[in-house]
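Remarks on the structure that follows.
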Amino acid sequence: MTPNLEQLQGIISKFRECRLKAALGGSGLLYALGLTEVVHDWDLTTNEPLHEVMRCLNGFHVIEKRRVSETFRSEYILVLPDEDVEIIGGYAIRCGRDTCHLPTIIGGSWREVPTASPEVWAVAYYLMGRLDKAELLFGYLQRAGVSRYALEVLLEEPLPRNLRHRLDAITVMGSCE
């Protein structure tokens, strides 16, 4: 299954008009990188404030989703059911007693859609316990290289020791800016 790409591109176009930044993550990122053939919905992350995103999406059917578990600590989640798009603002996940903030860092582009940093999503999937998806991204990073900037930002967070070691092992393989 792959949701309608034109609808996603329309949301991205609207973000550009409003001069807001968002990036494709989740299964859409895995799909864009050629790591999966299944996309459940389009997940966009953004660091933009809720009021700015809501102003930008005026005219769209938007549902604000309440926090459904203690694992996710994002500032807000917006669902656009007509477009199969979920927007995660201030993406954050519980890390033991702390919260790990997972910023929107643009890692590339796919079909005119900015894609999120694979480093950030490898960490996100690891913290969510979705190790199969984390491993797909760690493998991708070992082949393609890593962004030093993304790693520096991530390593400022209170990540578990074993995840820090995993990120360090990738940097040994090579890096790109």
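Computed from a predicted model, the values in this text were never measured in an experiment.
In summary, Arg166 and Glu135 engage in a salt bridge, as defined by a charged side-chain N under 4.0 Å from a carboxylate O.
Residues Tyr126 and Trp121 keep their aromatic ring centres 6.0 Å or farther apart.
To the nearest 0.5 Å, atoms CG (Leu44) and CZ (Phe15) are separated by 6.5 Å. Here CG of Leu8 is found 11.0 Å from CZ of Arg111. Values are rounded to the nearest 0.5 Å. Note: Glu37 CD to Tyr31 OH = 8.0 Å, rounded to the nearest 0.5 Å. Within the model, atoms CZ of Arg73 and CD1 of Ile93 stand 11.0 Å from one another, a figure rounded to the nearest 0.5 Å. Here the CD-CE distance, from Glu64 to Met54, works out to 6.5 Å after rounding to the nearest 0.5 Å. Put simply, CD on Glu48 and CD on Glu75 are 11.0 Å apart, with the number rounded to the nearest 0.5 Å.
Under a cut-off of 6.0 angstrom, the local environment of OH in Tyr125 is crowded, with over 12 non-hydrogen atoms contributed by other residues, nucleotides or ligands. In this structure, Glu112 places its CD atom where only 12 or fewer heavy-atom neighbours from other residues, nucleotides or ligands lie under 6.0 Å away.
The only option from Thr99, Thr45, Ile88 that meets the side chain to side chain contact (heavy atoms under 4.5 Å, CB included) definition with Ser74 turns out to be Ile88. When each of Leu141, Leu151, Val146 is tested with Leu167 by the rule side chain to side chain contact (heavy atoms under 4.5 Å, CB included), just one qualifies, namely Leu151.
By the criterion of side-chain heavy atoms lying less than 4.5 angstrom apart, applied directly or through intervening Ile, Leu, Val, Met, Phe, Trp or Tyr residues, Ile11 is not grouped with Ile106; the two fall into different hydrophobic clusters.
With a 4.5 Å cut-off on side-chain heavy atoms, Leu102 and Leu154 count as touching. Side-chain contact between Gln7 and Trp42: absent, with no pair of heavy atoms (C-beta onward) separated by less than 4.5 Å. Residues Ser147 and Ser117 fail the side-chain proximity criterion, which asks for heavy atoms closer than 4.5 Å. Here the side chains of Thr104 and Lys21 are in contact, with some heavy-atom distance below 4.5 Å. Inter-residue side-chain proximity for Ile105 and Tyr149 is flagged as met; some heavy-atom pair is nearer than 4.5 Å. His51 is not listed as a side-chain neighbour of Arg55, based on a closest heavy-atom distance of 4.5 Å or more. In this structure, Phe72 and Met128 have side chains that are in contact, with non-hydrogen atoms separated by less than 4.5 Å. In this structure, Ile87 and Ile77 have side chains that are not in contact, with every pair of non-hydrogen atoms separated by 4.5 Å or more.
The two residues Pro3 and His40 have their closest heavy-atom pair at CG-O, 3.9 Å. Between Tyr76 and Val53, the shortest heavy-atom distance links the atoms OH-CG2, 3.2 Å. Annotation for Cys95 and Pro158: closest pair CB-O, 3.6 Å, computed over non-hydrogen atoms. In terms of heavy atoms, Pro160 sits closest to Leu127 at CD-CD2, 3.8 Å. Residue Gly26 comes nearest to Asp43 through the heavy atom pair CA-OD2, 3.9 Å, listed as atom of the first residue, atom of the second, then distance. Ala122 and Ala134 make their closest contact through O-CB, 3.7 Å (heavy atoms, listed as atom of the first residue, atom of the second, distance).
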Practice prompt. Test side-chain contact (heavy atoms from CB on, under 4.5 Å) on Ser27 and Val38 and set out the steps.
Written response: CA-CA 7 Å; Ser27 61; Val38 177; over 6 Å; no

Item to complete: Check the pair Leu155 / Arg164 against side-chain contact (heavy atoms from CB on, under 4.5 Å), numbers first and verdict last.
Response: CA-CA 7 Å; Leu155 290 171; Arg164 287 180 174 283; 3.4 Å; yes

Worksheet item: Between Val62 and Val79, does a side-chain contact (heavy atoms from CB on, under 4.5 Å) hold up when you go through it step by step?
Response: CA-CA 6 Å; Val62 179; Val79 178; over 6 Å; no

Practice prompt. Determine, step by step, whether Gln9 and Val113 satisfy the side-chain contact (heavy atoms from CB on, under 4.5 Å) criterion, reporting the C-alpha distance in whole Å, the side-chain angles of both residues, the deciding distance to 0.1 Å, and the verdict.
Written response: CA-CA 6 Å; Gln9 291 168 328; Val113 175; 3.9 Å; yes

